[in-house]
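Notes to accompany the following structure.
Count residues from 1 along the sequence.
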Amino acid sequence: MKTDLQQILSITGEQGLFRYISQARNGMIAESFLTGRRSVFGPHAKVSSLSDISIYTEDGETSLKDVFLKMKEILGEDSAPGPKSDARELKAFFDKALPGYDGDRFYTSHMKKVVTWYNLLKQYASLDFEEHAGSEEEEKEEDK
């Protein structure tokens, strides 16, 4: 089953990732990957869909989905380095996975989040991602 990154959420102040379940009268309902518990998050919760996140590179930005796909290509069936890995190890890994990342704006703390998210998706979802009609149209526009 393919993973829809628009439905996978990172919520500030909460550990791990969440899957969007539905809209509630006073916010939204999301289910934690780690605990499986469903929670209501109010309208003031800072929620980011993984499909909306990009990483700064020297040439602009690269979508998180593209970074995950490159990581999968490099790692195969292995897991990404853990978030407690040495900063040099994380930087060396991202030198392979995302050559040309902007070291001034893509910090080690960001790298830790990305490898954590990758490992959570690998364990609780799938690293095969759904394509959306809008993204295909954007790619065709960029090719022109």
Side-chain angles (χ1 to χ4, degrees), residues 1-139 142:
M1 187 167 145
K2 293 192 176 206
T3 300
D4 182 358
L5 286 181
Q6 290 181 337
Q7 302 292 312
I8 307 299
L9 310 171
S10 171
I11 302 172
T12 300
E14 299 292 330
Q15 186 177 11
L17 292 174
F18 292 79
R19 183 181 320 277
Y20 174 82
I21 300 299
S22 90
Q23 197 64 35
R25 187 168 25 114
N26 58 346
M28 63 151 201
I29 301 169
E31 181 178 80
S32 169
F33 277 19
L34 296 174
T35 64
R37 292 181 52 192
R38 292 183 178 188
S39 302
V40 176
F41 295 95
H44 299 292
K46 187 165 164 84
V47 177
S48 299
S49 168
L50 293 192
S51 66
D52 296 336
I53 297 174
S54 295
I55 296 176
Y56 293 112
T57 63
E58 293 168 355
D59 301 328
E61 296 179 3
T62 300
S63 72
L64 190 58
K65 175 185 169 186
D66 292 338
V67 174
F68 285 155
L69 291 172
K70 184 66 175 172
M71 289 170 68
K72 180 181 174 187
E73 182 181 311
I74 290 170
L75 293 166
E77 294 300 314
D78 295 334
S79 293
K84 295 188 188 237
S85 298
D86 183 59
R88 288 183 302 254
E89 182 182 348
L90 287 169
K91 288 178 181 180
F93 174 72
F94 278 98
D95 282 337
K96 287 186 229 166
L98 187 62
Y101 70 84
D102 187 342
D104 294 332
R105 297 192 286 177
F106 184 50
Y107 305 115
T108 305
S109 60
H110 299 145
M111 293 176 188
K112 290 179 180 186
K113 281 184 190 177
V114 172
V115 296
T116 299
W117 293 342
Y118 178 89
N119 289 335
L120 285 171
L121 287 172
K122 183 177 183 302
Q123 183 175 357
Y124 295 105
S126 165
L127 294 170
D128 292 325
F129 304 113
E130 285 187 9
E131 291 294 328
H132 292 279
S135 63
E136 291 174 14
E137 290 172 15
E138 289 170 8
E139 288 176 15
E142 290 175 3

Point to revise | Minimum-distance pair of heavy atoms, taken over all atoms of Pro81 and Leu90 | key: CB-CD2, 4.1 Å

Check your understanding: Salt bridge check: are Glu130 and Lys65 linked by an N-O gap of less than 4.0 Å?
Key -> no

Review point. Taking Thr35 for the side chain and Ser32 for the main chain, is one N or O donor matched with an acceptor at less than 3.5 Å?
Key: no

Exercise for review: Kindly say whether Ala80 contributes a backbone atom to a donor-acceptor pair with the side chain of Asn119 at under 3.5 angstrom?
Suggested key: yes

**Study point:** Sidechain N-carboxylate O distance under 4.0 Å for Asp86, Lys91
**Key:** no

Review point. In Å, rounded to the nearest 0.5 Å, how long is the span from OG of Ser48 to CD1 of Ile11?
Key: 9.5 Å

**Study point:** Lys122 side-chain N/O to Glu77 backbone N/O, donor-acceptor pair under 3.5 Å
**Key:** yes

Review point. For Gly27, does its backbone N or O pair with a side-chain atom of Gln23 as donor and acceptor, under 3.5 Å?
Key: yes

Check your understanding: Which pair of heavy atoms, one from Thr3 and one from Ala125, lies closest together, and at what distance?
Key -> OG1-CB, 3.6 Å

Review point. Which value, rounded to the nearest 0.5 Å, describes the distance between Ile55 atom CD1 and Met111 atom CE?
Key: 8.5 Å

Review point. Hey, mind stepping through Phe93 and Leu75 against side-chain contact (heavy atoms from CB on, under 4.5 Å) and telling me if it holds?
Key: CA-CA 10 Å; Phe93 174 72; Leu75 293 166; 3.7 Å; yes

Review point. Shortest non-hydrogen contact from Lys2 to Phe129?
Key: CD-O, 3.9 Å

Check your understanding: Taking the side chain as C-beta and beyond, is there a heavy-atom pair between Met71 and Val114 under 4.5 Å?
Key -> yes

Point to revise | Distance, nearest 0.5 Å, that separates CD of Gln123 from CG of Leu17 | key: 11.5 Å

Practice item. Please report the C-alpha distance between Glu58 and Arg105 in whole Å, then the side-chain angles of each, then the deciding distance to 0.1 Å, and finally whether the salt bridge (Lys or Arg N to Asp or Glu O under 4.0 Å) criterion is met. Key: CA-CA 10 Å; Glu58 293 168 355; Arg105 297 192 286 177; over 6 Å; no

Exercise for review: List the steps, then state whether side-chain contact (heavy atoms from CB on, under 4.5 Å) holds for Val47 with Tyr20.
Suggested key: CA-CA 10 Å; Val47 177; Tyr20 174 82; over 6 Å; no

Practice item. Apply side-chain contact (heavy atoms from CB on, under 4.5 Å) to Ser49 and Gln6, showing your working. Key: CA-CA 5 Å; Ser49 168; Gln6 290 181 337; 4.2 Å; yes

Revision key, fill the gap. Between Ser10 and Trp117 the two heavy atoms that sit nearest each other are OG-CZ2, 3.5 Å

**Study point:** Close side-chain approach of Ile21 and Arg38, heavy atoms under 4.5 Å
**Key:** yes

Exercise for review: Grab the two heavy atoms, one from Ser54 and one from Ser63, that are nearest each other, plus how far apart they are.
Suggested key: OG-CA, 3.9 Å

Exercise for review: Drop me the distance from Leu120's CG to Phe18's CZ, to the nearest 0.5 angstrom.
Suggested key: 10.5 Å

**Study point:** Criterion side-chain contact (heavy atoms from CB on, under 4.5 Å) on Tyr56 and Thr62, from CA distance to verdict
**Key:** CA-CA 7 Å; Tyr56 293 112; Thr62 300; over 6 Å; no

Point to revise | Distance (rounded to the nearest 0.5 Å) between Ile53 CD1 and Ile8 CD1 | key: 11.5 Å

**Study point:** Closest non-hydrogen atom pair, Ala24 against Ile29
**Key:** CB-CG1, 3.9 Å

Review point. Ring centroid separation for Tyr101 and Phe106, is it under 6.0 angstrom?
Key: yes

Check your understanding: Can you tell me if Thr116 uses its side chain to pair, donor with acceptor, with the backbone of Lys112 under 3.5 Å?
Key -> yes

Review point. Can you tell me how far the CG atom of Leu5 sits from the CG atom of Leu50, to the nearest 0.5 Å?
Key: 5.5 Å

